[in-house]
Amino acid sequence: MMKIVVLILAISSFLFAKDENKIVVAGPIATVSHPFFKMIEDDVFKDLGKKIEFKLWNNPDELRALVLKKKVDFIALPTNVAANLYNKKVDIKLINVATWGILQLVSRDKDLKTIEDFKGKTIVVPFRADMPDIVLQALIKKAGLDIKKDFTLQYLATPVDAMQMLILRRADHALLAEPATSIALRKTGSFPIKLIAPDLYRSASLQDEWGRVFNTDAQIPQAGIAIVDMSKKDLIDRFLSEYEKALEWYKSNPSDASKLVIKTLPMLEENGLADSIPHVILKNISAENSKKDLEFFFEVLKENDAKLIGGKLPDSGFYLE
């Protein structure tokens with residue numbers, strides 16, 4: 001009996017062991033993941049005898065499973081989720097921040113440019129109590145307005161639902177993240193601009209509003225990459241260097257980049273994705289050099305909903321030095 005148990009354990013270990021000739025990365029469909037596909041296409045770790053494999057996570061449960069079961073080496077994720085996991089004693093460290101701006105209010109009214117301009121309006125918002133919603137509410141509060149008295153927030157299950165509400169003219173204002181904003185503009189013919197008035201307009205940029213109402217830089221440290229397998233720490237500098245090259249290529253070649261991305265993520269729309277790239281603030285900044293911005297951001301999130309970051313600011317061990 002003991003021999004059978006030992007044999008089963010040995011077989012399980014073999015079947016579920018990670019392939020050391022691979023570097024496994026994971027991420028959402030969002031922009032932060034897109035440079036990975038250029039890294040894969042260019043086989044950037046060929047000299048090390050390692051291939052890159054990408055795993056898509058679609059929701060927080062899938063993200064958590066990948067991290068807790070250590071099925072990946074590196075993972076792209078929202079910065080607050082990384083802080084939340086770290087504060088819950090998960091062995092994870094943030095190595096960079098790459099996405100500094102993707103949130104936009106989209107409207108049928110071209111004259112709405114600031115948070116205050118939306119007073120009295122109904123805004124469609126995906127994901128109640130998720131980060132975009134919390135950022136919007138924090139901006140409303142900081143602008144001296146009342147979220148319940150001055151606005152009507154209509155919550156929907158997903159960004160796709162919010163985008164469809166706009167496209168079908170069942171909503172006049174919505175909070176979207178790129179590339180959903182650009183895809184919605186494409187689907188309504190609003191981008192590039194038509195000879196007649198467009199159906200939709202880019203209204204308040206939440207990054208610009210963040211800078212204005214909080215009197216700080218017009219950027220939000222929203223998403224980055226964390227290391228999950230600490231045995232790969234010696235690869236971090238090389239990984240970030242290759243990510244930087246891929247990120248710069250992505251920004252400089254929106255048409256080719258969108259074609260490459262949709263090979264893996266066909267649920268995105270090619271032209272809308274290409275349109276979105278110039279409207280996203282992408283910078284590969286190390287976690288350590290992002291610490292000041294992150295702590296300011298986390299403080300704002302904590303004041304509005306501490307659960308978003310696991311109840312407290314992460315300590316210095318969260319930021320890979």
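In this text the structure is predicted, and so the values were computed from the model without any measurement.
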Q: Can you find a heavy atom in the side chain of L166 that is under 4.5 Å from one in the side chain of K187?
A: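 A side-chain contact is absent here, since even the closest heavy-atom pair is not under 4.5 Å.
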
Q: For I285 and S290, which heavy atoms make the closest approach, and how far apart are they?
A: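 Result for this residue pair: CG2-OG, 3.2 Å.
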
Q: Verify whether the ring centers belonging to F36 and Y243 lie closer than 6.0 Å.
A: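 Yes.
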
Q: Answer yes or no: is there an ion pair linking R128 with D133, defined by an N-O contact shorter than 4.0 Å?
A: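 Salt bridge: no.
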
Q: Taking NZ, NE, NH1 and NH2 as the nitrogens, is one of them in D42 or K38 under 4.0 Å from a carboxylate oxygen of the other?
A: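 Answer for the salt bridge query: yes.
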
Q: Once rounded to the nearest 0.5 Å, what's the spacing between atom OG of S203 and atom CD1 of I115?
A: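 That separation rounds to 10.0 Å.
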
Q: Evaluate whether atom NZ of K142 has more than 12 neighbouring non-hydrogen atoms of other residues, nucleotides or ligands under 6.0 angstrom away.
A: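 No, the 6.0 Å shell around NZ holds no more than 12 heavy atoms from other groups.
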
Q: Working to the nearest 0.5 angstrom, can you tell me the gap between L206 CG and Q222 CD?
A: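 Between L206 CG and Q222 CD, I get 9.0 Å after rounding to 0.5 Å.
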
Q: Please check if the distance between the ring centroids of F37 and F54 is under 6.0 Å.
A: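 Yes.
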
Q: Just checking, is any N or O donor in the side chain of Y86 or D91 under 3.5 Å from an acceptor N or O on the other one?
A: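 Absent: no donor and acceptor within the cut-off.
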
Q: Which of these, K110, R169, R108, sits in a salt bridge (Lys or Arg N to Asp or Glu O under 4.0 Å) with D199?
A: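 When salt bridge (Lys or Arg N to Asp or Glu O under 4.0 Å) is applied between D199 and each of K110, R169, R108, only R169 qualifies.
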
Q: Looking at side-chain heavy atoms only, is the closest gap between V67 and I75 below 4.5 Å?
A: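 A side-chain contact under 4.5 Å exists here.
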
Q: Rounded to the nearest 0.5 Å, what separates atom CD in E288 from atom CG in L294?
A: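 It comes to 12.0 Å.
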
Q: Between P132 and P126, is there a side-chain heavy-atom distance shorter than 4.5 Å?
A: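 A side-chain contact under 4.5 Å is absent here.
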
Q: According to the interplanar angle, ranging from 0 to 90°, do the rings of F239 and F45 count as parallel (below 30°), tilted (30 to 60°) or perpendicular (above 60°)?
A: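 Parallel.
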
Q: Would E53 and K55 pass as an ion pair if we require N to O under 4.0 Å?
A: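 Judged by the 4.0 Å cut-off on N to carboxylate O distance, E53 and K55 do form a salt bridge.
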
Q: Output side-chain donor-acceptor pairs under 3.5 Å for residues 258-266, partner residues at least two apart or in another chain, one line each.
A:
{"residue": "S258", "atom": "OG", "partner": "P254", "partner atom": "O", "Å": "3.2"}
{"residue": "S258", "atom": "OG", "partner": "S255", "partner atom": "O", "Å": "2.8"}
{"residue": "K259", "atom": "NZ", "partner": "S255", "partner atom": "OG", "Å": "3.2"}
{"residue": "K259", "atom": "NZ", "partner": "E270", "partner atom": "OE2", "Å": "3.3"}

Q: Between R202 and E178, is there a salt bridge with N-O shorter than 4.0 Å?
A: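 Here E178 pairs with R202 in a salt bridge, since their nearest N and O are under 4.0 Å apart.
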
Q: Could you tell me whether the side chain of L313 reaches within less than 4.5 Å of the side chain of E295, counting heavy atoms only?
A: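 Yes; the side chains approach each other to less than 4.5 Å.
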
Q: Side chains of I183 and T181: closer than 4.5 Å at any heavy-atom pair?
A: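 A side-chain contact under 4.5 Å is absent here.
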
Q: Evaluate the criterion side chain to side chain contact (heavy atoms under 4.5 Å, CB included) for residue pair L77 and L85; output intermediate values, then yes/no.
A: CA-CA 11 Å; L77 73 177; L85 290 168; 4.3 Å; yes

Q: So, S107 versus D109: side-chain donor-acceptor pair below 3.5 Å or not?
A: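 The criterion, which ignores hydrogens and geometry beyond distance, is not satisfied for D109 and S107.
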
Q: Should the pair E248-K251 be classified as a salt bridge under the 4.0 Å nitrogen-to-oxygen rule?
A: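 A salt bridge is present here (some side-chain N lies under 4.0 Å from a carboxylate O).
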
Q: Between V228 and D73, does the side chain to side chain contact (heavy atoms under 4.5 Å, CB included) criterion hold? Intermediate values first, please.
A: CA-CA 5 Å; V228 178; D73 301 310; over 6 Å; no

Q: Identify whether the distance between the nearest side-chain nitrogen and carboxylate oxygen of K148 and D146 falls below 4.0 Å.
A: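 Looking at D146 together with K148, the answer is no, because their closest N to O distance does not fall below 4.0 Å.
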
Q: Do L103 and V160 land in one hydrophobic cluster if side-chain heavy atoms of ILVMFWY residues count as linked below 4.5 Å?
A: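 No; tracing contacts between hydrophobic side chains, which count when under 4.5 Å, never links both residues.
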
Q: For V124, which fellow cluster members are found when Ile, Leu, Val, Met, Phe, Trp and Tyr are connected by side-chain heavy-atom distances below 4.5 angstrom, either directly or through intermediates?
A: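 When side chains under 4.5 Å apart are linked, the cluster holding V124 also contains L156, M165.
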
Q: Hey, what do you get for CD1 (I123) to CG (L175), rounding to the nearest 0.5 Å?
A: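 Answer for the CD1-CG pair, I123 versus L175, is 8.0 Å.
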
Q: Just verifying a value: how many Å separate D217 CG and F296 CZ, rounded to the nearest 0.5 Å?
A: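 With rounding to 0.5 Å, CG (D217) is 10.0 Å from CZ (F296).
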
Q: Report, as yes or no, whether the 6.0 Å neighbourhood of atom NZ on K113 holds more than 12 heavy atoms from other residues, nucleotides or ligands.
A: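 Counting neighbours around NZ of K113, more than 12 heavy atoms of other residues, nucleotides or ligands fall under 6.0 Å, so yes.
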
Q: Is D47 atom CG crowded by more than 12 heavy atoms from other residues, nucleotides or ligands, each under 6.0 Å away?
A: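 Atom CG in D47 is packed in, count exceeds 12.
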
Q: Of all the heavy-atom pairs spanning K232 and K22, show the shortest one and how long it is.
A: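 Closest approach of K232 to K22: CE-O, 4.4 Å.
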
Q: Between I281 and Q207, is any pair of side-chain heavy atoms under 4.5 Å apart?
A: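 I281 vs Q207: side chains touch.
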
Q: If only side-chain N and O atoms count, and only distance matters, is there a donor-acceptor pair under 3.5 Å linking D117 with T114?
A: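 Judged by distance alone, the side chains do pair up.
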
Q: Assess the residue pair R186 and D275 against the criterion (salt bridge (Lys or Arg N to Asp or Glu O under 4.0 Å)); give the C-alpha distance rounded to whole Å, side-chain angles, the decisive distance to 0.1 Å, and a yes or no.
A: CA-CA 9 Å; R186 275 278 177 180; D275 293 344; 2.4 Å; yes

Q: For the residue pair Y319 and S286, establish whether any side-chain heavy-atom pair is separated by less than 4.5 Å.
A: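 Heavy-atom side-chain distance check fails, nothing below 4.5 Å.
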
Q: Charged N to carboxylate O under 4.0 angstrom, D43 versus K51?
A: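 Looking at K51 together with D43, the answer is yes, because their closest N to O distance falls below 4.0 Å.
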
Q: Nearest heavy-atom pair of A82 and I92: which atoms, and what distance?
A: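 In terms of heavy atoms, the two residues are closest at O-CG2, 4.1 Å.
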
Q: Search all heavy atoms of H279 against all heavy atoms of S182 and return the closest pair with its distance.
A: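 Of all heavy-atom pairs spanning H279 and S182, the closest is CD2-OG, 4.4 Å.
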
Q: For K302 and E299, what are the C-alpha separation, side-chain angles and deciding distance, and is it a salt bridge (Lys or Arg N to Asp or Glu O under 4.0 Å)?
A: CA-CA 5 Å; K302 183 165 72 75; E299 279 285 2; 3.7 Å; yes

Q: To the nearest 0.5 Å, tell me how far I52 CD1 sits from K46 NZ.
A: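 So the gap between those two atoms works out to 12.0 Å.
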
Q: What are the two closest non-hydrogen atoms of M131 and P78, and how far apart are they?
A: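 So the minimum-distance heavy-atom pair works out to CE-CB, 3.8 Å.
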
Q: For a 4.5 angstrom cut-off between non-hydrogen side-chain atoms, does F298 reach T79?
A: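 They are in side-chain contact.
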
Q: Taking only Lys NZ, Arg NE, NH1 and NH2, and the carboxylate oxygens of Asp or Glu, determine whether K119 and E116 approach each other closer than 4.0 Å.
A: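 Looking at E116 together with K119, the answer is no, because their closest N to O distance does not fall below 4.0 Å.
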
Q: Is there a side chain to side chain contact (heavy atoms under 4.5 Å, CB included) between I140 and F151 once you walk through the steps?
A: CA-CA 9 Å; I140 289 171; F151 299 84; 3.5 Å; yes

Q: I need the minimum non-hydrogen distance between A83 and P314, along with the two atoms involved.
A: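 Smallest interatomic distance, heavy atoms only, reads CB-CG, 4.0 Å.
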
Q: Whether the side chain of N59 engages the backbone of E62 through a donor-acceptor N/O pair (distance < 3.5 Å, no angle test) should be reported.
A: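 Present.
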
Q: Please step through side chain to side chain contact (heavy atoms under 4.5 Å, CB included) for the pair I225 and V25, ending with a clear verdict.
A: CA-CA 9 Å; I225 301 169; V25 300; over 6 Å; no

